[in-house]
> 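What follows is a single structure, and I will ask about it in a moment.
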Amino acid sequence: MTEYDHLKIEAKWQKKWEEEGLFATKENSTNKKCYVLDMFPYPSGEGLHVGHPKGYIATDVYSRMKAMQGYYILHPMGFDAFGLPAENYAIKNKVHPKTAVEKNIARYKEQLSILGFNYDWDREVDTTDPEYYKWTQWIFLQMLKKGLAYQSDEPINWCPSCKTGLANEDVEDGKCERCGTPVEKKAMRQWVLKITDYADRLISDLEGLNWPKSIIESQKNWIGRSEGATIKFPIKTGYNFVILHGFTATPEDDFYKWLKESLEDFGHKVQIPVLPDTNEPTEDGQVSVVMDNVTFDENTVIVGHILGSVVALKVIEKLDKKIAGLVTAGGFVSPNFKDKDRNFKDKFDWNFDFEKIKSNVGFIKILQDINDSAVSVEQAEELANGLGTDIDYVEATGSHFTGSEESTILDAILYNIPVFTTRADTIFSAAFVVLSPEHPLLSDKRFLSMISNREEISNYINEASKKTEIERTDEGKKKTGIEVKGLRATNPADGGELPIWVSDFVLAHYGTGAIFADAHDERDFDMAKLYNIPIKVSIRPDDGKLWEKVEKLEECFSGEGVLVNSGEFDGLKSEEARLKIVEWLKTKGLADKTLNYKLRDWVFSRQRYWGEPIPVIYCRKCWEDTNFKKQEPLRKNIDFVVIDGKEYMIVPVPENDLPVKLPNVESYEPTGTGESPLANISDWVNVPCPECGGEGKRETNTMPQWAGSSWYYLAYIMKGISNNLEFPISKYKEKIDKWQPVDLYVGGAEHATRHLIYARFWHKFLYDLGIVSTNEPFDRLQHVGLIMAEDGRKMSKRYGNVINPDDIVKRFGADTMRVYEMFMGPFDQAIAWNTDSMVGSRRFLERVWKFAGKVTANDKEAINEVDTMMNITIKKVGEDIESMKFNTAISQLMSCLNLLEKQESISQSYFETFLMLLNPFAPHITEELWHQIGHSKSITESFWPSYDPDKLLLDEVKIAVQINGKIRATFTASPSIEKQEMEEKAMSMPEVLRWIEGKKVVKTFHVPGKLVSIVVQ
RNA sequence: GGGUCAGUGGCGGAACCGGUAUACGCGCAACACUUAAAAUGUUGUCCGCACUUCGCGGAUGAGGGUUCGAUUCCCUCCUGACCCACCA
């Protein structure tokens, strides 16, 4: 027998396997498929350490077993090479990212190849390959077409060190996930993907997935769906209202009655004059009735409903004093209706003294129904232009504001502060309203004059905007805030007057950016105590002692209980009260059930070089082209965008012009200005517009790192058809359907809320396009537990504790390393590396090697004990690999070998079985021994052994005897021994008699083939 | 603060659905082989008492409960890891 020379054996078989193309994907068969996928790596400059391959070993073991079980396997590997780490590495080492990535990939492949993986390298993908990213760009374009990709100017997270914007998901604890620098807020034009449209499905489809509970929970938590209500808190004003009704209407119509009552509910005076000749109105007739019958003062607000708006304008024109405001709903200043002519066309003078009107009113609000069937956008624009203000586009319940309740009008009149809450049951204890510093109310022209401490407020807002996320949240429990003096809100439940505060603990981007605060929320409670804002309670906890404290406001109770001080809702439980209160407020037009998500749209642009160019061209000529302008309404940031104050049409790059290649440039360092380095490459930026041929400019932002990995699992499948991924997508449909979904996906838990959400989002989008037929991409997901360094810390170059797989493979062999990593402990658990304990795995393989010498060719009679062991081992190893309990599979193989070694000699068939079971873990040594005992085909082409369920038990088993729960004796018997016989046998044993003598046997139990339990008294 | 998971020898860990806790491996000890060491093999190795043997008692983070029987199920608490975190 020769020495076990791992270097020789491993090199030899790796070469043979490759030459024979043993691991090429075979798919022209009716056999069941199994798609086993690793999260593909990011090829960093440091190469792999021993921790990285752990997951790859697992998928290799799993897929090797599956292949032997007759499945057709897809087990590919590729590289995710765009993004910050590659780029930062390149900048630091002064190599072009492209060169660096090529080098790193080569190094990774070399390191992977010595471990003997069964990857089908023909299907390798590289996200930085233009053939690959043209599809990344293509998917983006499809999103653009569906309105799921849009631009936004909202402030986003900005990393001053990486000099790029970041997605919400890239921020950890207020710091940049890459470099740890605290992120800042920066407003800039950026691309955003509307992942929030998929929020609900991203939660509900988690249901059927075979995923670790922890990931499912973190995804739910990240998406953060919460059901609640939006409740409107009207701002208190001293206004009195004059409502002017429209053509063919009377104040007795439901709509006017409803509007009047709603306003009166909040203590406003309302006048609705009856306008004469409602069916054949004239200007003089209607205006003079108003002038004669209505009183106006500086607090008067006129509400004009459709034709009433025209009357309102004429009235204001005639007034000799100033009134507070004008609100028009469906107003117009020219009688050119969309649908038909109206008989008052010639009875009104369509010339207006807009200057006079403007000087006579404090504020003007123009409402236009987006579905208006009579008044066109041009008419509304004419009105707005005349009055020098903007249009508020709203959706009316009846086209043209003809519903019997039009809550948008009420909103415009009352200036409600909408507030999101999940605890509507606490509304009667609402003590104050808190706005986020970014709340639009604080910069609304209409209110500035009413706020008495304007300067203080704007200082506060200013400071809040300068703070980083960390500073805003890190100050911990201590709240800061400032009262908005001069403005008060009304509690919609009881009409009570509430102060309004601004505080930066209220987040602008969640809910409505405003809350109502009360005694039943820790944060609100703290803030009220800090600033001495009076609060009261409205929920009584069940616990009486607690209630005593809560009632005295000594302690905050934020749980659920029974309502008190809540008018007609007293005595109800929180849960029921919530529903009823929202329903009740809804009838007053002041509340609506709403859903909110913590998930925010995916900020998709990066101001960096090393990423996929966003395939969009901006064209000024297209914008100027009136044909474009006529199409209404053009959606800002979806159809057109404003750059440096000028509008441009957003023109997608045509599919056939893809890929938009990343230009190869000398200087790719980030600019830090918010512009990508691509912006300086004028040859690349300036291109003809594909739509009109005019002067176009390319988008210069690139896509984030997570783009390419959001669909790579499909690219492997597509590679099976054509190495160059060609259009159209329909070419690939059949194969995609065949291999989808991924049956087993293995990777690190750190991707829980990024890659795994993004990929699910893209997959669902592709599902909606009909490109994939499953609604989820990854059926089963397993975590790899980290391998820590021997010192217990993370393995990192920084700590100098990295262990290199090349060294380990050289010293111990790939098979030993594979066995060791699988044997270390539970697969999904983090465990520290320990080179010393590797000898156990090495010894095991050496024993296998030596044991081959004991094998005899002739099949002797089966030895019962060995036979049972083999059957148990086949069963356990198969089941354990299936459920990824590799450590116990190996311990079973070790136990099995221990028993085999005790035998004088062993027949070849036993040994062959053993080799096949060990093969997924240690493919090289088993292949070598397989050939040594006379086989000429690869062991991987043999069939996974099966076991005989009748041979899992020994002829004789040890049976334990328990007396009052304690083991007092054991005896051996056949496993099929009956209860009766078991008991008799037990009772006759002297060790047992000692304990039961003189006592009464009360009860007996038995577990077949295992134990008898006797209870005595 | 919320969520998820875990806590078993000197160490990594095993134990199915409640049925002989400590499998398997590392380490350690003794012995064999050797001039010697390494390697290898054999045996032993949870703790305490007793010890010639049979044996007795205790132990799965702590305390309690359910049960003939609990590492496993329930309650309270302690500790640790990971993820999320002013989300109204």
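A, B, ... follow the sequence lines: proteins, then strands. Residue 1 opens every chain.
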> Whole angstroms only, please: what is the CG-P distance between A:Leu845 and B:U40?
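Spelled out: CG on A:Leu845 to P on B:U40 is 13 Å.
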
> When you measure from the side chain of A:Asn221, which nucleotide among B:C68, B:G25, B:G2 comes out closest?
B:G2

> Would A:Asp601 and A:Thr196 count as a side chain to side chain donor-acceptor pair (under 3.5 Å) if you check the C-alpha gap in whole Å, the side-chain angles of each, and the deciding distance to 0.1 Å?
CA-CA 6 Å; A:Asp601 279 341; A:Thr196 50; 2.6 Å; yes

> Regarding A:Lys966, tell me which of base, sugar-phosphate or nothing describes its non-hydrogen contacts under 4.0 Å with the strands shown.
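Contact class for A:Lys966: sugar-phosphate only.
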
> One thing to verify: whether A:Arg754 and A:Asp170 come together as a salt bridge, which I'm taking to mean a side-chain N less than 4.0 angstrom from a carboxylate O.
yes

> For A:Lys213, is there an ion pair with A:Glu217 - N to carboxylate O distance below 4.0 angstrom?
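Salt bridge between A:Glu217 and A:Lys213, a charged N being under 4.0 Å from a carboxylate O: no.
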
> Suppose you measure atom C1' in B:C77 against the same atom in B:C11; what distance do you get, rounded to whole Å?
28 Å

> Expressed as a whole number of angstroms, how long is the span from A:Lys1010:NZ to B:A15:P?
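These atoms are roughly 13 Å apart.
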
> May I ask you to verify whether the side chain of A:Glu522 and the base of B:G1 hold a donor-acceptor pair under 3.5 Å?
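Not at all, since no donor on one side and acceptor on the other fall under 3.5 Å apart.
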
> Quick check for you: among B:A88, B:G19, B:A85, whose closest atom lies nearest to any side-chain atom of A:Trp222?
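Nearest to the side-chain atoms of A:Trp222, counting from C-beta on, is B:A85.
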
> Can you tell me how far the CZ atom of A:Phe886 sits from the CZ atom of A:Phe921, to the nearest 0.5 Å?
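That separation rounds to 6.5 Å.
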
> Counting the atoms with a prime plus P, OP1 and OP2 as sugar-phosphate, which does A:Glu217 contact under 4.0 Å by heavy atoms, base, sugar-phosphate, or nothing?
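Sugar-phosphate, no base atom in range.
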
> Would you indicate what A:Arg968 reaches in the nucleic acid, counting non-hydrogen atoms under 4.0 angstrom: base, sugar-phosphate, or nothing?
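Answer is sugar-phosphate: A:Arg968 comes under 4.0 Å of backbone atoms only.
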
> Indicate, with a heavy-atom threshold strictly under 4.0 Å, whether A:Asn898 touches base, sugar-phosphate, or nothing.
sugar-phosphate

> State, without any angle test, whether A:Ser436 and A:Tyr510 hold a side-chain donor-acceptor pair at a distance under 3.5 Å.
no

> May I ask you to say what A:Thr1004 touches in the nucleic acid, namely base, sugar-phosphate or nothing, with a heavy-atom cut-off under 4.0 Å?
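Here A:Thr1004 touches no strand at all.
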
> Give, for atom CG of A:Asn887 and atom CG of A:Asp880, the distance between the pair rounded to the nearest 0.5 Å.
8.0 Å

> Can a salt bridge be assigned to the pair A:Lys985 and A:Glu981 using a cut-off of 4.0 Å between side-chain N and carboxylate O?
no

> Between A:Thr970 and A:Ser214, name the one whose nearest nucleotide on RNA chain B is closer to the 5' end.
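Its nearest nucleotide being more 5', the pick is A:Ser214.
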
> Which of the following nucleotides, B:A88, B:G19, B:G12, is nearest to the side chain of A:Ser1013?
B:G19

> Scan A:Val434 against the nucleic acid and name what it touches under 4.0 Å (heavy atoms): base, sugar-phosphate only, or nothing.
nothing

> Of the options B:A23, B:A88, B:G69, whose atoms approach the side-chain atoms of A:Thr422 most closely?
B:A88

> Rounded to the Å, how far apart are A:Ile216 CD1 and B:C5 P?
12 Å

> Measure the distance from CG on A:Asn834 to P on B:G25 and round it to the nearest whole Å.
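Result: 16 Å.
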
> Base, sugar-phosphate or nothing for A:Leu507? Non-hydrogen atoms, less than 4.0 Å.
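Counting heavy atoms under 4.0 Å across all strands, the contact made by A:Leu507 includes a base.
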
> Please check the phosphate of B:G13 (OP1 and OP2 only) for any side-chain N or O of A:Gln829 closer than 4.0 Å.
yes

> With stacking defined as ring centroids separated by under 5.5 Å and planes differing by under 30°, is A:Phe1005 stacked against B:C68?
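Given the distance and angle limits, yes, they stack.
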
> Check whether any side-chain heavy atom of A:Phe516 sits under 4.5 Å from a side-chain heavy atom of A:Asn491, and report yes or no.
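No, side chains not in contact.
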
> For a 4.5 angstrom cut-off between non-hydrogen side-chain atoms, does A:Thr835 reach A:Arg811?
yes

> Given B:C56, B:C68, B:U40, identify the nucleotide with an atom nearest to the side chain of A:Glu846.
B:U40

> Among B:G13, B:C68, B:C86, which is the nearest nucleotide to the side chain of A:Asp504?
B:C86

> Using a cut-off of 4.0 Å on non-hydrogen atoms, how would the nucleic acid contact of A:Pro826 be classed: base, sugar-phosphate, or nothing?
sugar-phosphate

> Send over the distance from A:His520 NE2 to B:C86 C1', rounded to a whole Å.
19 Å

> For B:G10 versus B:G64, give the span between their P atoms, rounded off to a whole number of Å.
23 Å

> Any base atoms under 4.0 Å from A:Arg847, or only sugar-phosphate, or nothing? Heavy atoms, all strands.
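The residue A:Arg847 makes sugar-phosphate contact but no base contact.
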
> For atom CD of A:Glu991, decide whether the heavy atoms of other residues, nucleotides or ligands shown that lie under 6.0 angstrom number more than 12.
yes

> Which is more 5' along RNA chain B, the nucleotide nearest A:Ser218 or the one nearest A:Arg600? Just name the residue.
A:Ser218

> Send over the distance from A:Lys902 NZ to B:U42 P, rounded to a whole Å.
9 Å

> In whole Å, what separates the P atom of B:G3 from that of B:U71?
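Taking atom P in both B:G3 and B:U71, they lie 28 Å apart.
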
> What nucleic acid atoms does A:Thr421 come within less than 4.0 Å of, heavy atoms only: base, sugar-phosphate, or nothing?
sugar-phosphate

> Give the nucleotide from the list B:G27, B:C84, B:U20 with an atom nearest to the side chain of A:Lys958.
B:U20

> Counting heavy atoms from C-beta on, name the nucleotide in B:C24, B:G13, B:U20 closest to the side chain of A:Met894.
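For A:Met894, the side-chain atoms sit closest to B:C24.
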
> Please measure how far the P atom in B:U76 lies from the corresponding atom in B:G69, and state the result in whole Å.
23 Å

> Identify whether any heavy atom of A:Trp995 sits under 4.0 Å from a base atom; if not, whether one sits that close to sugar-phosphate; answer base, sugar-phosphate or nothing.
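The answer is sugar-phosphate, as A:Trp995 gets under 4.0 Å only of primed atoms, P, OP1 or OP2.
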
> B:G25, OP1 or OP2 - any side-chain N/O from A:Arg843 closer than 4.0 Å?
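No, A:Arg843 has no side-chain N/O under 4.0 Å of OP1/OP2 on B:G25.
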
> Please report the distance, rounded to the nearest Å, between CD in A:Glu821 and C1' in B:G13.
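After rounding, the gap between these two atoms is 17 Å.
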
> A:Leu1011 near the nucleic acid: base, sugar-phosphate alone, or nothing, with a heavy-atom cut-off under 4.0 Å?
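Base contact.
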
> Rounded to whole angstrom units, what separation is found between the CD atom of A:Glu901 and the P atom of B:U43?
11 Å

> Base, sugar-phosphate, or nothing for A:Lys213, non-hydrogen atoms under 4.0 angstrom?
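Counting heavy atoms under 4.0 Å across all strands, the contact made by A:Lys213 is with sugar-phosphate only.
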
> In whole angstrom, give me the gap between the P atoms of B:G19 and B:G13.
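So the two P atoms sit 23 Å from each other.
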
> Can you give the dot-bracket line for RNA chain B, where a pair is Watson-Crick or G-U wobble with both atom distances under 3.5 Å, crossing pairs use [ ], and | marks a partner on another strand?
(((((((..(((......[....)))((((((.......))))))((((.....))))..(((((..]....))))))))))))....

> Could you go step by step and tell me if A:Leu563 and A:Ile581 meet the side chain to side chain contact (heavy atoms under 4.5 Å, CB included) rule?
CA-CA 11 Å; A:Leu563 271 72; A:Ile581 288 174; 4.0 Å; yes

> Have a look at A:Asn887 and say if it touches a base, only the backbone sugar-phosphate, or nothing, with a 4.0 Å heavy-atom cut-off.
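It contacts sugar-phosphate atoms only.
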
